[in-house]
**Student:** 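Pasting a structure here, questions to come.
Numbers for residues simply follow the sequence, beginning at 1. Counting starts at 1 for both ligands and their atoms, following the listed order. We use all heavy atoms of the structure for the numbers below, so side chains are in, but hydrogens, waters and symmetry mates are not.
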Amino acid sequence: MKRAIKIFGLGLAVLISIGILALIIINTQDLPSYEVEPISFERSDSEQAIERGKKLTQMLCANCHMNQSTRKLTGQRMKDAPAEFGEIYSPNITQDKTYGIGNWTDGEIVYLLRTGIKRDGQYAPPYMAKLPLMADEDIDAIISFLRSDNPMVTADPTPDTPTKPSLLTKVLSRLAFKPFPMPDQKIPMPDTANVLELGEYLAHNLECFSCHSADFKTNNYLDPPQSVGYFAGGNQPLNRDGKVMPTANLTPHETGIGNVTKGDFIKAVRFGIKDGDALAYPMMPYTQLTDYEVGTIYDYLQTIPAIENEVQRAIYD
Ligand code: HEC
Ligand code: HEC
């Protein structure tokens, strides 16, 4: 008996040592790398694409990459990234050839936005957004805008501050987070005259579902309705002071938007106003969207399963 315990104890000690050794090794290494598939992508550079790309970039990228002192996408410290992830800085994505992405090919940018793999093969953890479901035409719009002469994106030589991912980020990037597959077919634009189709597209691609479901960790980015608590709120993104801002339930239940009119919903989403009160960061006013577009999101949300979940708003002074 004693001997069995000794052997068991020895086995356990060996296992723990191997575990600690593995963590030490992972901590000395970079984030995992993957092969980069060469993608050829011809951007349109059409005026219409640049205009749409500007709106999409303001809604989906500027929040993280905009630097308030340069007024350009030169990157910043991400104060709202959970501290457990490490010290995270978004990089310069202006056209500067040394400090920005002026030397990236369009295909390399597309590959990163689709899969999360950077051109050097390194994986960009979930604190960098990915667009696995976006229509090719919208991806073209974003790239055409990034290459345009808009002052937000023209070359600026602000150097990047290197991100220091934590051990947790490194471990999760090996075990839990995985790159998304590169779509093997073109993804078409939704039919804008089809209210539910457009509403679903916007609800998924503008990342509404990502913040408004139960938890970033249990979201299904390739098939959003499979996310735990799809649109029932309660997820806990942080504000710029690092404080938790629970997200609202947007399902058609009465604890969600069951009693909210379309007009009030549009006011909340486009202008960040609810019952005369301002909605707080990270809920940003989507002034780039039209009443019609926000209305389609509302109509789509009426068709998803109603989930009871009373979420208390967090009000800080
Ligand atoms: C939630 C914050 C966030 C959002 C939203 C976001 N990014 Fe990023 N982005 C980052 C961070 C942080 C990195 C650095 C990741 C790393 O190196 O591991 C990054 C990296 C990049 C890179 C690689 C640049 C380099 O020099 O390595 C490009 C290109 C990029 N982002 C473009 C975009 C575009 C285009 C959008 C909008 C569609 C976008 N990002 C949205 C945070 C964000
Ligand atoms: C970065 C996370 C995030 C994203 C992305 C986001 N929201 Fe929000 N949203 C929030 C948070 C947090 C609140 C609560 C804000 C508050 O209490 O002041 C909120 C509140 C709301 C409200 C008010 C609900 C109510 O009745 O109290 C509506 C409506 C809403 N969001 C709709 C949307 C739509 C539509 C989208 C996509 C176009 C979206 N949100 C994208 C985080 C987000």
**Student:** If hydrogens are left out, which of L131, L60, N63 has an atom nearest to atom 5 (C) of ligand 1, that is, the closest non-hydrogen atom?
**Tutor:** L60

**Student:** Under a 3.5 Å threshold, yes or no: a donor from one side chain and an acceptor from the other, between N219 and Y230?
**Tutor:** no

**Student:** Taking atom types as modelled, is there a side-chain donor on S210 or Y221 under 3.5 Å from an acceptor on the other?
**Tutor:** yes

**Student:** Any idea which protein heavy atom is nearest atom 22 (C) of ligand 2, and the distance to it?
**Tutor:** L279 CD1, 4.0 Å

**Student:** Could you tell me whether the side chains of T70 and T74 share a donor-acceptor contact shorter than 3.5 Å?
**Tutor:** yes

**Student:** Can you tell me if T163 contacts ligand 1 (heavy atom of the residue under 4.0 Å from the ligand)?
**Tutor:** no

**Student:** For atom 24 (C) of ligand 2, what's the nearest protein heavy-atom neighbour? Residue, atom name and distance, please.
**Tutor:** A248 CB, 3.4 Å

**Student:** For K274, counting its heavy atoms only, list the atoms of ligand 2 lying under 4.0 Å from any of them.
**Tutor:** 25 (C), 26 (O), 27 (O)

**Student:** P246 near ligand 2, heavy-atom distance under 4.0 Å?
**Tutor:** yes

**Student:** Atom CD1 in I7, atom CZ in R3: separation rounded to 0.5 Å?
**Tutor:** 4.5 Å

**Student:** Considering only non-hydrogen protein atoms, determine which one is nearest to atom 3 (C) of ligand 2 and report residue, atom name and distance to 0.1 Å.
**Tutor:** C211 SG, 2.8 Å

**Student:** Suppose we measure from atom 16 (C) of ligand 2 to each protein heavy atom; which comes out shortest, and what is that distance?
**Tutor:** R313 NE, 3.4 Å

**Student:** Taking 2.8 Å as the cut-off, does H65 contribute an N, O or S atom near atom 8 (Fe) of ligand 1, distance below it?
**Tutor:** yes

**Student:** Would you say that I117 contacts E37 through its side chain, given a criterion of any heavy-atom pair below 4.5 Å between the two side chains?
**Tutor:** no

**Student:** With heavy atoms of Y89 as the reference, note each atom of ligand 1 found under 4.0 Å away.
**Tutor:** 12 (C)

**Student:** Salt-bridge test for D30 and K170: reply yes if a basic N is under 4.0 Å from a carboxylate O, no otherwise.
**Tutor:** no

**Student:** Would you call K262 and D299 a salt bridge, using N to O less than 4.0 angstrom?
**Tutor:** yes

**Student:** Please check if any side-chain donor atom of Q302 sits under 3.5 Å from a side-chain acceptor atom of Y300, or the reverse.
**Tutor:** no

**Student:** Scan side-chain atoms only and decide if Y281 and N63 contain a donor-acceptor pair under the 3.5 Å cut-off.
**Tutor:** yes

**Student:** List every atom of ligand 2 that sits less than 4.0 Å from any heavy atom of E207, numbering the atoms from 1 in the order shown and giving each element.
**Tutor:** 5 (C)

**Student:** Measure from atom 8 (Fe) of ligand 1 to each N, O or S atom of M128 and report whether any distance is below 2.8 Å.
**Tutor:** yes

**Student:** Considering the heavy atoms of L113, write down every atom of ligand 1 situated less than 4.0 Å from one of them.
**Tutor:** 34 (C), 35 (C)

**Student:** If you measure from the Lys or Arg side-chain nitrogens to the Asp or Glu carboxylate oxygens, is any gap between D140 and R43 under 4.0 Å?
**Tutor:** no

**Student:** Which atoms from ligand 1 have a heavy atom of W104 less than 4.0 Å away?
**Tutor:** 23 (C), 24 (C), 25 (C), 26 (O), 27 (O)

**Student:** Has V260 got any heavy atom lying under 4.0 angstrom from an atom of ligand 2?
**Tutor:** no

**Student:** Going by atom types alone, do N92 and T94 pair a side-chain donor with an acceptor below 3.5 Å?
**Tutor:** yes

**Student:** Is a donor from one side chain sitting under 3.5 angstrom from an acceptor on the other, for S173 and K178?
**Tutor:** no

**Student:** Which residue in the set N67, D96, D156, T154 passes side-chain hydrogen bond (donor to acceptor under 3.5 Å, both in side chains) when paired with K72?
**Tutor:** T154

**Student:** Looking only at protein heavy atoms, identify the closest one to atom 12 (C) of ligand 2 and say how far it is in Å.
**Tutor:** M245 O, 3.4 Å

**Student:** Output the list of atoms in ligand 1 that are nearer than 4.0 Å to some heavy atom of Y127, sorted by atom number.
**Tutor:** 1 (C), 2 (C), 3 (C), 10 (C), 12 (C), 42 (C), 43 (C)

**Student:** Checking a contact table here: which protein heavy atom is nearest atom 41 (C) of ligand 2, and how many Å away?
**Tutor:** Y286 OH, 3.3 Å

**Student:** For K118 and ligand 1, does the shortest N/O to N/O distance drop below 3.5 Å?
**Tutor:** yes

**Student:** Please determine whether the number of non-hydrogen atoms from other residues, nucleotides or ligands lying under 6.0 Å from atom OH of Y127 exceeds 12.
**Tutor:** yes

**Student:** Students should be able to answer this: which protein heavy-atom is nearest to atom 38 (C) of ligand 1, and at what distance?
**Tutor:** C61 SG, 2.7 Å

**Student:** Out of P125, P165, G53, who is nearest to atom 18 (O) of ligand 1 when you count heavy atoms only?
**Tutor:** P125

**Student:** Any side-chain donor-acceptor pair under 3.5 Å between T251 and N249?
**Tutor:** yes

**Student:** Report the nearest protein non-hydrogen atom to atom 2 (C) of ligand 1: residue, atom name, distance rounded to 0.1 Å.
**Tutor:** C64 SG, 1.9 Å

**Student:** Between K274 and D264, is there a side-chain N and carboxylate O pair less than 4.0 Å apart?
**Tutor:** no

**Student:** Just to be sure I read this right, does ligand 1 sit under 4.0 Å from the backbone of L56, its side chain, both, or neither, counting only heavy atoms?
**Tutor:** neither

**Student:** Return a yes/no value for T247: is any of its N or O atoms, backbone included, closer than 3.5 angstrom to an N or O of ligand 2?
**Tutor:** no

**Student:** Can you give me the NE2-atom 8 (Fe) of ligand 2-SD angle for H212 and M283, to 10°?
**Tutor:** 180°

**Student:** Of all the non-hydrogen atoms in the protein, which one sits nearest to atom 13 (C) of ligand 1, and at what distance?
**Tutor:** P91 CD, 3.2 Å

**Student:** Nearest protein heavy-atom contact for atom 28 (C) of ligand 2: which residue, which atom, what distance?
**Tutor:** L250 CD2, 3.8 Å

**Student:** In ligand 2, which numbered atoms sit nearer than 4.0 Å to a non-hydrogen atom of F265?
**Tutor:** 29 (C), 35 (C)

**Student:** Salt bridge between R147 and D45, side-chain N to carboxylate O under 4.0 Å?
**Tutor:** no

**Student:** Less than 4.5 Å apart, any side-chain heavy atom of R313 and any of D277?
**Tutor:** yes

**Student:** Run the contact test for L112 against ligand 1 with a 4.0 Å cut-off on heavy atoms, strictly below, and give the result.
**Tutor:** yes

**Student:** Is there any N or O on A280 that sits under 3.5 Å from an N or O of ligand 2?
**Tutor:** yes

**Student:** Can you tell me which residue and heavy atom of the protein come closest to atom 15 (C) of ligand 1, and the distance to 0.1 Å?
**Tutor:** A124 CB, 4.1 Å

**Student:** Run the salt bridge (charged side-chain N to carboxylate O under 4.0 Å, His left out) check on D138 and R52 step by step: do they pass?
**Tutor:** CA-CA 8 Å; D138 275 346; R52 185 166 171 87; 2.5 Å; yes

**Student:** Going by the atom numbers of ligand 1, which of them fall below 4.0 Å from some non-hydrogen atom of I88?
**Tutor:** 12 (C)

**Student:** For atom 34 (C) of ligand 2, what's the nearest protein heavy-atom neighbour? Residue, atom name and distance, please.
**Tutor:** C208 SG, 3.6 Å

